[in-house]
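Data first, discussion second: the structure below is written as structure tokens.
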Number of protein chains: 2
Amino acid sequence: MAPDTDPTGPRLAALATLLADETRAAFCLALLDGRAWTAGELARHARVAPSTASEHLGRLVAGGLLTEERQGRHRYLRIAGPAVAHLVEDLAAHAEPSGEPPRTLRAAGASHALARGRTCYDHLAGRLGLALTDALTDRGLLSQDTGFALTDRGLDWFREQGIGLERTGRRPLVRPCLDWTERKPHLAGVAGAALCRHLLASGWCVRIGSGRAVKVTDDGELALRERLGIDPGILR
Amino acid sequence: MAPDTDPTGPRLAALATLLADETRAAFCLALLDGRAWTAGELARHARVAPSTASEHLGRLVAGGLLTEERQGRHRYLRIAGPAVAHLVEDLAAHAEPSGEPPRTLRAAGASHALARGRTCYDHLAGRLGLALTDALTDRGLLSQDTGFALTDRGLDWFREQGIGLERTGRRPLVRPCLDWTERKPHLAGVAGAALCRHLLASGWCVRIGSGRAVKVTDDGELALRERLGIDPGILR
DNA sequence: GGGACGTTTCGGCGGGGACCGTACGGTGTC
DNA sequence: GACACCGTACGGTCCCCGCCGAAACGTCCC
């Protein structure tokens with residue numbers, strides 16, 4: 001029996017409290033695009049007064065979920081790290097009951113772009129992320145039969161493509177990420193982040209507007225078909 | 001940019017709210033032993049009035065985190081499933097700042113037993129869980145180099161031991177679980193649960209008292225040394 | 001310097017929820 | 001049937017916290 005003075009309960013509750021508010025949850029979800037937002041942008045996004053946002057952001061930073069960077073009169077905020085991003089993603093995946101179609105046209109348009117491809121903190125998700133993951137799996141570079149791991153041939157492939165896989169700290173090389181639109185896992189972890197950086201750096205995909213949506217370029221369609229046999233039609 | 005009417009935020013907040021209370025968090029952590037507790041037991045454990053516990057349990061059940069089973073005048077409660085257990089574990093792991101030694105002697109004694117071996121919902125954790133995971137890894141049955149997956153030899157080993165690995169639904173065959181005492185991942189998922197069941201059924205380990213602590217029996221020490229080369233000294 | 005802008009601090013309001021005690025219904029036991 | 005026991009419904013209290021507006025501070029630009 002756990003001792004009644006187990007400090008884990010209060011700490012778990014404190015952590016959950018940070019995400020237990022609609023405004024703070026909206027902040028964290030928005031920041032899942034992996035980039036830095038200003039306090040004002042977040043306030044407008046969540047439709048609350050700047051003063052309200054300021055308080056919330058103070059708590060999220062104090063709680064270690066976000067980090068801040070002051071530049072002049074701006075306060076830039078981002079998710080504190082991959083572990084936090086993973087946590088929020090995981091929680092969001094559990095919160096989503098099932099496939100529920102969006103209602104408004106604008107939401108439908110936005111969610112269509114997001115469903116096609118987007119960043120999920122530092123890796124790719126949406127149909128694009130899934131297509132990459134499936135292609136790696138089909139070609140025997142990634143094994144999902146008995147877990148989730150790169151094969152030896154997969155390691156070679158990353159090396160051939162010139163995609164470095166420097167392991168930093170305790171972060172896993174690969175990790176499945178189950179996001180809340182697709183219901184299948186896609187590639188995350190060090191390799192997922194490296195692959196995302198590589199596609200963006202090569203100009204194979206680009207960000208759309210200011211959000212987390214991304215789209216594959218013409219060069220990208222060619223490269224992905226050549227190197228991974230991905231049918232461009234899937235990505236549209 | 002995510003639409004402002006994205007329903008994910010409110011749902012995420014609602015889910016987090018369920019764990020954002022010390023009493024409810026204590027309930028969920030206690031139930032992580034994987035067994036059913038009565039409402040009264042949980043109330044005493046968390047030091048709240050029965051009526052208070054009843055309200056909390058109602059919310060947790062309504063929110064899908066717990067399931068209930070009525071038997072006579074008792075109300076038995078358990079974690080709703082592996083996904084929920086995983087979620088709570090994950091959150092608890094993030095909530096724990098770092099290795100902080102317990103203060104009271106009773107807590108030290110209890111946490112010592114828990115550190116040696118315990119169930120983590122349906123698989124084994126603590127030094128025992130870690131020793132099993134490490135042994136499987138050292139013998140090339142489990143690969144952690146490029147992800148987390150059973151090897152072909154690992155699949156054979158489970159078969160030889162007569163441990164069935166029936167996959168149910170979408171649950172992964174293996175999954176790393178990072179709990180909050182050890183800082184290294186141990187084996188979870190279908191295989192982790194099957195291994196735990198096998199050890200308990202074979203009498204190689206038994207539960208201590210009414211909690212989630214387990215200890216290895218003499219038979220178990222022999223079997224684990226023979227089959228996985230585990231030094232019994234590690235488990236003490 | 002002046003003015004626009006981003007952000008923070010503070011006071012105050014309002015609502016939700018965590019808690020308890022009490023009373024009550026259902027269940028098992030003598 | 002009387003009694004202990006487990007769980008629940010209800011009323012009431014208290015406190016926390018999410019929100020805003022107003023005012024102030026710092027920064028950037030002209």
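Just so it is clear, the structure is predicted and the values come from calculations on it, not from any experiment. Residue numbers start from 1 in every chain, and the chains themselves are labelled A, B, ... in the order their sequence lines are given, proteins ahead of strands.
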Please round to the nearest 0.5 Å and tell me the distance separating atom [atom1] of [X] and atom [atom2] of [Y].
X: B:H45; Y: B:T38; atom1: NE2; atom2: OG1; value: 12.5 Å
X: B:L224; Y: B:L132; atom1: CG; atom2: CG; value: 6.0 Å
X: B:T217; Y: B:L200; atom1: OG1; atom2: CG; value: 10.0 Å
X: A:L66; Y: A:R75; atom1: CG; atom2: CZ; value: 9.0 Å

N/O (side chain, [X]) to phosphate O (OP1/OP2, [N]) under 4.0 Å:
X: A:H56; N: D:dC17; value: no
X: B:T23; N: C:dA18; value: no
X: B:T52; N: C:dC19; value: no

Using the side-chain heavy atoms of [X], tell me which of these nucleotides is nearest: [options].
X: B:R73; options: D:dG18, C:dG26, C:dC19; result: C:dG26
X: A:R75; options: C:dC19, C:dT7, D:dT8; result: C:dT7
X: B:V48; options: C:dC20, C:dG17, C:dT8; result: C:dC20
X: A:E55; options: C:dC5, C:dT22, C:dG11; result: C:dG11
X: B:A49; options: D:dC19, C:dT8, C:dC20; result: C:dC20

- [ ] Assess whether one donor atom and one acceptor atom, taken from the side chain of B:S51 and the base of C:dG21, lie less than 3.5 Å apart.
- [x]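 Present.
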Without decimals, in angstroms, what is the distance between [X] [atom1] and [N] [atom2]?
X: B:R70; N: D:dC5; atom1: CZ; atom2: P; result: 21 Å
X: A:L57; N: C:dT8; atom1: CG; atom2: P; result: 7 Å
X: B:R59; N: C:dC19; atom1: CZ; atom2: P; result: 10 Å
X: A:H74; N: C:dT8; atom1: NE2; atom2: P; result: 12 Å
X: B:L42; N: C:dA18; atom1: CG; atom2: C1'; result: 17 Å

Open item on the list: Based on the rotation axes of five pairs at each end, what angle does the helix from C:dG1-D:dC30 to C:dC30-D:dG1 bend through, to 10°?
Closed with: 30°
Open item on the list: Looking at A:D122 and A:R35, is any side-chain nitrogen of the basic one under 4.0 Å from a carboxylate oxygen of the acidic one?
Closed with: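 Looking at A:D122 together with A:R35, the answer is no, because their closest N to O distance does not fall below 4.0 Å.
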- [ ] Starting from the C-alpha separation in whole Å, work towards a yes-or-no answer on side-chain contact (heavy atoms from CB on, under 4.5 Å) for A:L42 and A:L31.
- [x] CA-CA 9 Å; A:L42 289 168; A:L31 288 164; 4.2 Å; yes
TODO: For B:E221, check side chain to side chain donor-acceptor pair (under 3.5 Å) against everything at least two apart and list the hits.
DONE: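 In terms of side chain to side chain donor-acceptor pair (under 3.5 Å), with neighbours along the sequence ignored, B:E221 is linked to B:R236.
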Task: Earlier contact from the 5' end, DNA chain D, for B:T38 and A:G72 - done: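 Of the two residues, B:T38 wins.
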